[in-house]
Every structure is written in structure tokens, then in C-alpha cells.
Amino acid sequence: MLRAEGLRHAFGRIRALDDISFALAAGESLTILGPNGAGKTTLLRVLAGLIHPQAGRVALEGGRRAVGWIGHAAHLYGHLTVRENILFWAALYDVPRGDRGARTDGVLQRVGLADRAG
């Protein structure tokens, strides 16, 4: 469950968020589209708890790790293999060490990249 109520945030005279409110139930997702400067990244940073809005509140079941976003940059490391990249991110997201290998292999299999893991 994610609920945003009356979110407002400005950078000087620039209003990035102006009374943003919405609610998502478990299993629902939200896509945010808009031109540069529309407030998309600011909203995601507020939802993830990286910045505090100047007004309004966010209620998020599961904590800030329940929020994810895909930006325009891949955030992959070219000197690492596909498998190593996934293992790196698994460590950052506290996937238990003993589960990382099997879960990584499962993900690679599921998305059809097992033959490109190396």
C-alpha cells in the first residue's frame, strides 16, 4: 500500500510538486511520465524517503525499499559480467548471501539471459 497526500516541494521559486495525492493498493503499479522538470524524480525521491516533502505525507507499506524506479541510465558496470552485476545489486538489497547464487541463476533463466551470464 502506498498513499501520498498533499505532497508539495519546491526548489526556490520552482514548484516541483504541487498538492500531489494518490493511493495504490497492493499489487498495483504507477507509471510517471512527463517532460524534463515536471517533478518526476522529485516525487520518486520523496516516495523512497530520500528527501522530505515540504508539505504532505507518504504512507508506504514495506518501507522505502518497496519503491523502485527505472531511469534512463542502466546503472550496470561494464567490467562485470551479467551475473556479477546481478550479484552486486543483490548484495546491496540485502539478499541473503546463501540465496544470491540460486536466485541470480533463477532470474537469468526467467528472463532468458542464462546463456549470457558470463
Side-chain angles (χ1 to χ4, degrees):
M1 188 279 305
L2 170 62
R3 181 180 312 282
E5 297 174 356
L7 298 178
R8 294 182 190 274
H9 197 80
F11 300 96
R13 297 175 57 131
I14 309 279
R15 279 185 286 174
L17 305 177
D18 190 11
D19 197 24
I20 303 294
S21 298
F22 62 88
L24 296 174
E28 292 183 320
S29 59
L30 173 69
T31 301
I32 303 168
L33 302 170
N36 288 343
K40 301 177 301 292
T41 300
T42 302
L43 175 59
L44 289 170
R45 286 182 177 156
V46 167
L47 296 176
L50 300 175
I51 61 174
H52 296 288
Q54 293 163 334
R57 66 182 215 93
V58 173
L60 178 61
E61 191 173 295
R64 69 184 180 116
R65 288 195 174 175
V67 173
W69 77 74
I70 301 170
H72 63 282
H75 300 292
L76 298 175
Y77 296 98
H79 65 284
L80 298 178
T81 66
V82 173
R83 189 171 198 281
E84 290 168 338
N85 268 283
I86 295 171
L87 288 168
F88 170 78
W89 288 98
L92 287 181
Y93 281 85
D94 295 329
V95 173
R97 185 180 298 271
D99 295 344
R100 289 181 199 157
R103 289 179 69 180
T104 295
D105 293 340
V107 166
L108 288 168
Q109 197 68 258
R110 210 166 40 247
V111 299
L113 291 175
D115 61 330
R116 302 200 183 254

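Predicted model only: the values in this text are computed from it and were never measured.
- Taking the side chain as every heavy atom from C-beta outward, Asp115 and Leu108 never approach each other to under 4.5 Å.
- Val107 and Leu87 are assigned to two separate hydrophobic clusters, defined by single-linkage of ILVMFWY side chains at heavy-atom distances under 4.5 Å.
- Here the straight-line distance linking atom CG of Leu24 with atom CZ of Arg3 works out to 9.5 Å at 0.5 Å rounding.
- Atom CD of Glu61 is surrounded by 12 or fewer heavy atoms from other residues, nucleotides or ligands within 6.0 Å.
- Hydrophobic clustering (side-chain heavy atoms under 4.5 Å, transitive across Ile, Leu, Val, Met, Phe, Trp, Tyr) groups Leu60 together with Leu17.
- Atom CZ of Arg103 has 12 or fewer neighbouring heavy atoms from other residues, nucleotides or ligands inside a 6.0 Å radius.
- A search for side-chain contact (heavy atoms from CB on, under 4.5 Å) contacts involving Ala55 returns Arg8, not counting sequence neighbours.
- Between Leu7 and Gly56 the shortest heavy-atom distance is CD2-C, 4.0 Å.
- Ring planes of Tyr77 and Trp89: parallel class, angle under 30° (limits at 30 and 60°).
- Atom CZ of Arg116 sits about 13.5 Å away from atom OG1 of Thr81, to the nearest 0.5 Å.
- Shown here for His79 and Glu84, the closest heavy-atom pair between the two residues is O-OE1, 4.3 Å.
- Between Ile86 and Arg83 there is no side-chain heavy-atom pair separated by less than 4.5 Å.
- In this structure, Ile20 CD1 and Leu47 CG are separated by 10.0 Å, a value rounded to the nearest 0.5 Å.
- The heavy-atom pair separating Gly6 from Ser21 by the smallest distance is N-OG, 2.8 Å.
- By the criterion of side-chain heavy atoms lying less than 4.5 angstrom apart, applied directly or through intervening Ile, Leu, Val, Met, Phe, Trp or Tyr residues, Leu30 is grouped together with Leu2 in one hydrophobic cluster.
- For Gln54, the CD atom sits in a packed shell: over 12 heavy atoms of surrounding residues, nucleotides or ligands are nearer than 6.0 Å.
- Interatomic distance, CD1 of Ile32 versus OG1 of Thr42, reported as 10.5 Å (0.5 Å rounding).
- The nearest pair of heavy atoms linking Pro53 to Val46 is CD-CG1, 3.8 Å.
- With sequence neighbours left out, Arg15 forms a side-chain contact (heavy atoms from CB on, under 4.5 Å) with Ala10, Asp18.
- Ala90 approaches Arg100 most closely through the heavy-atom pair CB-CG, 4.1 Å.
- Note that the OG1 atom of Thr41 and the CD1 atom of Ile51 stand 9.5 Å from one another [nearest 0.5 Å].
- With hydrophobic clusters built from ILVMFWY side chains whose heavy atoms lie under 4.5 angstrom apart, Leu43 does not share a cluster with Met1.
- Taken from CG in Asp99 to OG1 in Thr104, the straight-line distance is 10.0 Å, to the nearest 0.5 Å.
- Within the structure, the ring pair (Phe, Tyr, Trp, His ring centres under 6.0 Å) test picks out the following pairs touching residues 10-40 (sequence neighbours left out): His9-Phe11.
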